[in-house]
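Here's the structure we're looking at; comments come further down.
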Amino acid sequence: MNPVVRDAVRDPIGCTDCSLSADGLDNCITAEGNENADLLVLTRLPLTPRNRAELLTYLSDAGFDTKTIAITAVSKCSSFGADASKADIKACRRHLEAEIDVIKPTWVLALGSEALLTATGRSGIMKYRGQIFDFKDRPHVKVVATISPSMVFRNPGLRGGFIADLSYINRLSRGEKLSDALVPKRIASVVSKRGLQALADELKVCEGYAFDIETTGFDEFKPDGRIISLALSTWRKGDTGPRDCWVIPLYHPESPWRTRWREVLERIAPFLRMPKKRVAHNGKFDLRWLRHFGARFSLTFDTMLAAHLLNENRPKSLESLSRELVGVEPWKIDNKTLIDERLVKVVKYNGMDTWNTALIYFVLRRQLMEQRKLAVLFQRMSVPASEVFTDIERRGIFCDVPLLDERAHIVKQELKAIDSGLMEWVPPRDEWPKNVKAVNFNASNFARWWIFDWLELPITKRGKGGAPSMAEGIMSKLAQDHPHKVLDLLLERVKWNKYDTSFFAPYQELVDENDRIHTTFKLTGTVTGRLSSGKGDQDKVTGRVQNRGVNLQQVPRDPFVRGLFGAAPGWAFIECDYSQIELRVAAFVANEPTMKYLYNSGKDIHMTMAMRMTGKPESEVTKEERKKAKAVNFGFLYGMGWLKFISTAWENYGVVVTEEEAKAFRKAFFDEFPMLMKWHSRQRMMAHKYGRVESPLGRARHLPDIHSSDHKVVAEAERQAINSPVQSFASDMAVMALVRIDEELKRRGLRARSVGTVHDAINFECPEEELEEVVPLIKWHMENVPLEEWFGVHLDIPIVGDCKIGRRWGGADEVENEIVTNPAKFGQWLKEHGYDAVAA
DNA sequence: CACCAGGGCGCG
DNA sequence: AAAGCGCGCCCTGGTG
């Protein structure tokens, strides 16, 4: 450490301020480096020589002269194993302030959330990285933050962004400006008829544009939804970046179009269709709004989808991608709602969004073209899927509202009865310990004290923090060994409470005036390429999730809940599931002969497992038992050990399995399918060698943890290497099938449409008279995605889609495969099942 | 009040 | 020695 700083700052007696000082290897470590440094780098803990060297390499790569900087930490003691707590960091603050007063840096570079918090008092490193603040209590010192190098080490997906941040901060500390090409010369605010005409003329001749809208309100389908402004950055053929930037103020209070904003939008809409390239960042959001207000056009490129396909681990916001890929400066405005912001600022913000979208478009497009299979996935799946899900989200799914209200009432009644039953057993208040504040039947301090201290029931499992587990499996075992009314009631309550808070209440709140419930699908929400479903998008400005809908991928299978959804009167509900898709894909990628034989001869592997587990013949195995066997198959397939198998067998079957039996069962599974073991080894080997694995369709999963020194972490990455290609392949195929089905339905002028997907299942609503044509069409496209033609992948395993037709989700009748594929039989089947309105 | 991590549980 | 994978939402309790 620097002797000048040390002697000026360090407590000569030996500091005992923090908890680490007692057993610390070295106490009160002060800054390393130049005592007159202009830039003081602030980390969480004092760095080891190796980490310090690494950080200096990063800094020097980013253009810093490492002789002119100093490095210090918010916590000033180093100790094995022990981490600095918030109190420790607080205790060290006076030393840090003393250092700053001695060194007098102009800039502090805060690395990581603790450094940011200490320097600025703000938490949320991903939100504040790249922004400039004053140092707390030292306002003459400027602070700029980015993520910590250890985060980058753990996840190389963050490396690009980290280096870009450092370069940006370097330019900032030198007072350098950005290159001219990275900022628009001017942003044209379109506030007159002549301006509109000029924009329309440009749209007639330009090759492409990136666009973005700003909106007010949460949902495009709610009456208070308005579009505040629409921005575009255009380019001509042969350009390598955006040329002009345009913004049309719409509903903004200062906009001249405020009262006629919809009219203006309608007038410009036809011109938006003209250019060949139409680009947006998460365009699904913008298209939803624009379509709602009558401006209909489609995308040809989405920068968020491209960025995710290229690297599933990196942050995907426009802000961070722009910084990572082209090194632009932050342009965010720090305001809650744009409608309250001055128009000039909104115009600049909205315009910069599109300018930067255009900038990263050119980079991402080039990167994508370099990987043929990825480019095909992008073209055939990502972009058209974004289009399909725009409409699925707008459409929503029909919900039987009277039934919803009736059942929501039942749920409340059940809860009420259980709660009053439980109240009779609540111990008197003066017996409660200090940390118990109120009666709470959820997994709370009260409930844990009540069960495990007051009732003295045994604790079999604890969580990370040492709190006794109150998970369902644990509690039901407890109830079996120590019968008690309270346990029965609590177990019963979990289900009703979950129904109430997670399902019925949100459904009632979010069902729209047309009795439909919406969701938001994230096409970039998972590392494997599956879609995720949820309440809404993150608001770009506030960072909060817009509460526009519900998660439609976790609707309970219980008909009491799932049966609330279905088809509107006069329509039918179609569910089409891929049969055992991941197991089939695994058989393909592992090239497993026994599995292939079973599938090619129409056998059911889950049934085989169920028969083994229960010892029953096929005819006696129940649906429930087969479903549990499925869990066992997937468990072993993806690397489950014998110990977990013991608990699975107990929790699912109530079967006690000994250690020996469990090992033997696992061995039997792999003996039955000998190539699976070899496939597992191959995936592990690939992950170790390349740090990534790839699906047969070209989708990559990066696994930086494979190089960890922690064996558990490595083992986890190895299992991910096994699972990812299978999950990705299955998911990509399902999405491509949906895209093709949607295209075909539109091409034929049919009204049937998808209302959502759940990974390997696609749901549709369909006018009764179209069923005869639509169901076979869906089935055929699910089973015949042109993988050979598009990816050169020849599947030598049959892919089967099972179709169900009914009025409600989960309450439908399965149609046998040979019936769907036979028009005469299927027509008959439809009549027999009450679908009279079939086409002549 | 906002934010966070962890527990628990719904789905595939 | 020990190890299913992939998600999102609600709640609790702690912190600033």
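None of these values were measured; they are calculated from a predicted model.
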Interatomic distance, [X] [atom1] vs [N] [atom2] [rounded to whole Å]:
X        : N      : atom1 : atom2 : result
A:Leu552 : C:dC7  : CG    : P     : 19 Å
A:Leu117 : B:dA2  : CG    : C1'   : 13 Å
A:Arg493 : C:dC10 : CZ    : P     : 16 Å
A:Phe645 : C:dA2  : CZ    : C1'   : 17 Å
A:Leu643 : C:dA3  : CG    : P     : 5 Å
A:Met640 : C:dA3  : CE    : C1'   : 11 Å
A:Phe504 : C:dC9  : CZ    : P     : 18 Å
A:Gln683 : C:dG4  : CD    : P     : 19 Å

- Task: Could you provide the dot-bracket string of DNA chain C, using ( ) for intrastrand pairs, [ ] for crossing pairs and | for bases paired to another strand, with Watson-Crick or G-U pairs below 3.5 Å?
- Result: ....||||||||||||
- Message: Using side-chain heavy atoms (C-beta onward) and a distance below 4.5 Å, is A:Glu718 in contact with A:Gln683?
- Response: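 A:Glu718 does not reach A:Gln683 side chain to side chain.
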- Task: With the side chain counted from C-beta on, respond yes when A:Tyr599 and A:Phe588 share a heavy-atom pair under 4.5 Å apart, and no when they do not.
- Result: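 When only atoms from C-beta onward are counted, A:Phe588 and A:Tyr599 do not touch, as no gap falls below 4.5 Å.
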When you check the phosphate oxygens OP1 and OP2 of [N], does a side-chain N or O of [X] lie under 4.0 Å from one of them?
X        : N      : value
A:Asn442 : C:dC11 : no
A:Arg719 : C:dG4  : no
A:Asn445 : C:dG13 : yes

- In chain order, what residues pass the side chain to side chain contact (heavy atoms under 4.5 Å, CB included) check against A:Met685, with sequence neighbours excluded?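 Partners of A:Met685 by the side chain to side chain contact (heavy atoms under 4.5 Å, CB included) criterion, ordered by chain and then number, come out as A:Lys689.
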- Item | Listed partners of A:Ala734 passing side chain to side chain contact (heavy atoms under 4.5 Å, CB included), at least two apart |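 If we apply the side chain to side chain contact (heavy atoms under 4.5 Å, CB included) test to A:Ala734, skipping adjacent residues, the hits are A:Tyr578.
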Would you give me the side-chain donor-acceptor pairs under 3.5 Å for residues 553-564 of chain A, sequence neighbours excluded?
unit_1   : atom_1 : unit_2   : atom_2 : d
A:Gln553 : OE1    : A:Ser533 : N      : 3.3
A:Gln553 : NE2    : A:Leu531 : O      : 3.3
A:Asp558 : OD1    : A:Phe560 : N      : 3.0
A:Asp558 : OD2    : A:Tyr499 : OH     : 2.5
A:Arg562 : NE     : A:Val555 : O      : 3.4
A:Arg562 : NE     : A:Pro556 : O      : 3.4
A:Arg562 : NH2    : A:Val555 : O      : 2.9

Sugar-phosphate, base or nothing in reach of [X], heavy atoms under 4.0 Å:
X        : answer
A:Lys535 : sugar-phosphate
A:Arg701 : sugar-phosphate
A:Asn435 : nothing
A:Glu718 : nothing
A:Asn497 : nothing
A:Val527 : sugar-phosphate
A:Ser731 : nothing

Assess, by modelled atom type and distance only, whether the side chains of [X] and [Y] contain a donor and an acceptor separated by less than 3.5 Å.
X        : Y        : result
A:Ser724 : A:Arg701 : yes
A:Arg530 : A:Ser728 : no
A:His606 : A:Asn633 : yes

- Message: Heavy atoms within less than 4.0 Å of DNA chain B: which residues of residues 665-680 of chain A have one? Give them sorted by number.
- Response: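 Under 4.0 Å from DNA chain B: no residue of residues 665-680 of chain A.
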- Query: Would you call the rings of A:Phe669 and A:Phe636 parallel, tilted or perpendicular if under 30° counts as parallel and over 60° as perpendicular?
  - Reply: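 Judged by the thresholds at 30° and 60°, the geometry between A:Phe669 and A:Phe636 is tilted.
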- Message: Quick check: closest heavy atoms across A:Met782 and A:Val785, and the distance to 0.1 Å?
- Response: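 That would be O-CG2, 4.2 Å.
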- Derivation of the salt bridge (Lys or Arg N to Asp or Glu O under 4.0 Å) call for A:Arg626 and A:Asp604: CA-CA 10 Å; A:Arg626 184 183 168 281; A:Asp604 179 342; 2.8 Å; yes
- Query: Does the ring-ring contact (aromatic ring centres under 6.0 Å, His included) test come out yes or no for A:Phe645 and A:Phe665, once each step is laid out?
  - Reply: CA-CA 9 Å; A:Phe645 176 70; A:Phe665 210 96; 5.0 Å; yes
- Base-contact (B) and sugar-phosphate-only (S) positions in nucleotides 4-12 of chain B, heavy-atom cut-off under 4.0 Å, - elsewhere: ---SBBBSB
- Donor-acceptor contact below 3.5 Å, side chain A:Thr524 vs main chain A:Leu305: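 Between the backbone of A:Leu305 and the side chain of A:Thr524 there is no qualifying donor-acceptor contact (under 3.5 Å).
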